[in-house]
Amino acid sequence: MEVTAIGITATDTEMGKTVVTGALAAALRYRGIVPGIYKPVASGCIRKEGGTLISTDAEFQMKCAGYPEEKRREVIPVVLEAALAPAEASKLEGVPLDPEEMVRRARAVMASHEVTVFEGIGGITAPITDEFLVKDYFRALGVPVLIVVRPILGNVNHAVLTSFYCQRMGIPVLGFLVNGWEEATAGALERGNLYYYEKLTGLPVLGKLPRFTEAELEDPEAMAKLVEKHVELDRILVLAGAAEGRH
């Protein structure tokens with residue numbers, strides 16, 4: 001089986017990596033593909049009554065991909081409560097993080113699925129451990145990344161720096177995916193961002209996802225339809241297949 005994998009990174013935290021990962025997984029699901037989804041560690045998780053710590057990211061992505069509850073630990077195996085970078089949250093909570101195990105699990109997911117979507121943690125230089133950053137994780141896997149951006153003031157700078165840093169570190173960049181695009185109200189700022197993302201990096205904007213409503217976020221099929229309408233998914237898959245494993 002030929003396999004394809006896509007890493008999802010962003011210019012900053014709160015750019016919408018989880019939503020984009022889930023939306024892409026939903027689109028693949030409704031194309032008849034069982035997507036692989038995996039994030040090695042999540043911080044800022046919620047403690048339920050009884051003390052169980054859960055990742056809402058995992059819940060959302062599992063719903064999008066159509067995964068049963070028993071696969072939760074395969075999607076995000078390590079959960080941390082503190083809303084900090086994993087390197088710091090793990091120290092506070094006394095939870096050891098093993099980069100080799102993270103990569104091993106990721107490769108196992110990738111090997112068993114036709115297409116896998118790997119969500120990163122924070123931005124590309126976020127510390128998973130003191131010595132293992134997000135860029136090291138994606139580089140170890142040999143997967144290309146899609147950079148999630150928002151059409152807001154200052155994001156062109158962050159997009160350019162993120163793309164150049166990835167390439168300098170040997171991580172292929174597929175292009176940008178805009179999250180939270182509103183066509184009806186887009187003005188000079190928003191449209192200017194699209195222009196400069198491409199002009200200053202030579203990389204394509206591969207989609208403009210609208211802001212999802214709460215109802216759409218609860219409906220994987222609705223999300224899949226919006227991906228098909230607003231994202232060049234076929235092109236992303238072709239580019240990912242061509243770029244995977246290049247260093």
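Along the sequence shown, residues are numbered consecutively beginning with 1.
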Point-to-point distance, once rounded to the nearest 0.5 Å, from NE2 of His158 to OG of Ser163: 13.0 Å

Please step through side chain to side chain contact (heavy atoms under 4.5 Å, CB included) for the pair Glu198 and Thr201, ending with a clear verdict. CA-CA 5 Å; Glu198 296 188 329; Thr201 67; 5.5 Å; no

Taking the side chain as every heavy atom from C-beta outward, state whether Phe212 and Met223 have any pair of such atoms under 4.5 Å apart. yes

For residues Thr116 and Ile37, determine if any side-chain heavy atom of one lies less than 4.5 Å from a side-chain heavy atom of the other. no

Same cluster or not: Leu80 versus Leu133, using hydrophobic residues (I, L, V, M, F, W, Y) connected whenever any side-chain heavy atoms lie under 4.5 Å apart? no

Evaluate whether atom CZ of Arg73 has more than 12 neighbouring non-hydrogen atoms of other residues, nucleotides or ligands under 6.0 angstrom away. no

Among Glu221, Glu218, Glu69, find the residue that satisfies the salt bridge (Lys or Arg N to Asp or Glu O under 4.0 Å) test when tested with Lys63. Glu218

Looking at Phe60 and Gly22, what are the two nearest heavy atoms and their distance? CE2-CA, 3.9 Å

Verdict with reasoning, Asn179 to Val148, per side chain to side chain contact (heavy atoms under 4.5 Å, CB included): CA-CA 7 Å; Asn179 185 36; Val148 179; 3.9 Å; yes

Do the side chains of Leu161 and Val134 join up, straight or via other hydrophobic residues, at under 4.5 Å, putting them in one cluster? no

Beyond-backbone contact of Glu59 with Ile54, side-chain heavy atoms, under 4.5 angstrom: yes

What one should report as the nearest heavy-atom pair of Ala240 and Ile6 is CB-CG1, 3.9 Å

Please say which of Leu194, Ile147, Asn193, Thr11 ends up in a side chain to side chain contact (heavy atoms under 4.5 Å, CB included) with Phe176. Ile147

When rounded to the nearest 0.5 angstrom, what is the spacing between CD in Gln167 and CG in Leu203? 5.5 Å

Donor-acceptor pair between Glu182 and Thr185 side chains, under 3.5 angstrom: yes

Is there a side-chain contact between Pro210 and Glu183 (heavy atoms, below 4.5 Å)? no

Heavy-atom closest pair (Gly7 atom, Phe138 atom, distance to 0.1 Å) is CA-CE2, 3.5 Å

Which heavy atom of Val3 sits nearest a heavy atom of Ala111, and at what distance? CG1-O, 4.3 Å

Tell me, do Val75 and Gln61 make a side-chain contact under 4.5 Å, heavy atoms counted? yes

Between the CG atom in Leu239 and the CD atom in Glu232, the distance rounded to the nearest 0.5 Å is 9.0 Å

Is the shortest heavy-atom distance from the side chain of Leu97 to the side chain of Ser90 under 4.5 Å? yes

Check the pair Met110 / Val143 against side chain to side chain contact (heavy atoms under 4.5 Å, CB included), numbers first and verdict last. CA-CA 10 Å; Met110 185 163 49; Val143 300; 3.9 Å; yes

Minimum-distance pair of heavy atoms, taken over all atoms of Gly36 and Val109: CA-CG1, 4.0 Å

Side chains of Met15 and Asn155: does their closest heavy-atom pair fall under 4.5 Å? yes

N/O donor-acceptor pair under 3.5 Å between Tyr38 side chain and Met102 backbone: yes

Closest heavy-atom pair, Ala27 versus Val227, reported as atoms and distance to 0.1 Å, is CB-CG1, 3.6 Å

Indicate yes or no for a side-chain donor-acceptor contact from Thr52 to the backbone of Lys48 under 3.5 Å, with no hydrogens or angles considered. no

Checking Asp234 against Arg31 for the salt bridge (Lys or Arg N to Asp or Glu O under 4.0 Å) test, could you report, in this order, the C-alpha distance in whole Å, the side-chain angles of both residues, the deciding distance, and whether it holds? CA-CA 11 Å; Asp234 288 324; Arg31 286 188 173 197; 2.6 Å; yes

Measuring only between side-chain heavy atoms, which start at C-beta, is Val95 closer than 4.5 Å to Val78? yes

Say you draw a straight line from CG of Leu177 to CG of Leu146; how long is it, rounded to the nearest 0.5 Å? 5.0 Å

Heavy atoms of other groups near Leu153 CG, more than 12 under 6.0 Å: no

For Tyr67, does the six-membered ring have the charged nitrogen or CZ of Lys71 within the cation-pi criterion, i.e. under 6.0 angstrom from the centroid and within 45° of the normal? yes

Can you hop from Leu189 to Leu209 via hydrophobic side chains spaced under 4.5 Å? no

Supply the atom-to-atom distance Thr162 OG1 to Asp12 CG, rounded to the nearest 0.5 angstrom. 8.5 Å

Between the CD atom in Glu81 and the OG atom in Ser43, the distance rounded to the nearest 0.5 Å is 11.0 Å

Are Met169 and Ile124 in one and the same hydrophobic cluster, where Ile, Leu, Val, Met, Phe, Trp and Tyr link if side-chain heavy atoms are under 4.5 Å apart? yes

Is it true that Tyr165 and Leu141 fall in one hydrophobic cluster, defined by side-chain heavy atoms closer than 4.5 Å? yes

Side-chain ion pair, Arg105 and Asp98, N-O less than 4.0 Å: no

For Thr18 and Glu119, test the side chains for any donor-to-acceptor distance below 3.5 angstrom and give the result as yes or no. yes

Under-4.0 Å salt bridge between Glu14 and Arg150: no

Using a strict threshold of under 4.0 Å (side-chain N to carboxylate O), is an ion pair present between Asp130 and Lys91? yes

Are Leu206 and Val231 close enough, and set up right, to give a side chain to side chain contact (heavy atoms under 4.5 Å, CB included), and what steps lead you there? CA-CA 6 Å; Leu206 293 166; Val231 176; 5.6 Å; no

I'd like to know if the side chain of Arg139 reaches the main chain of Gly170, judged simply by a donor and an acceptor atom lying under 3.5 Å from each other, with no hydrogens or angles considered. no

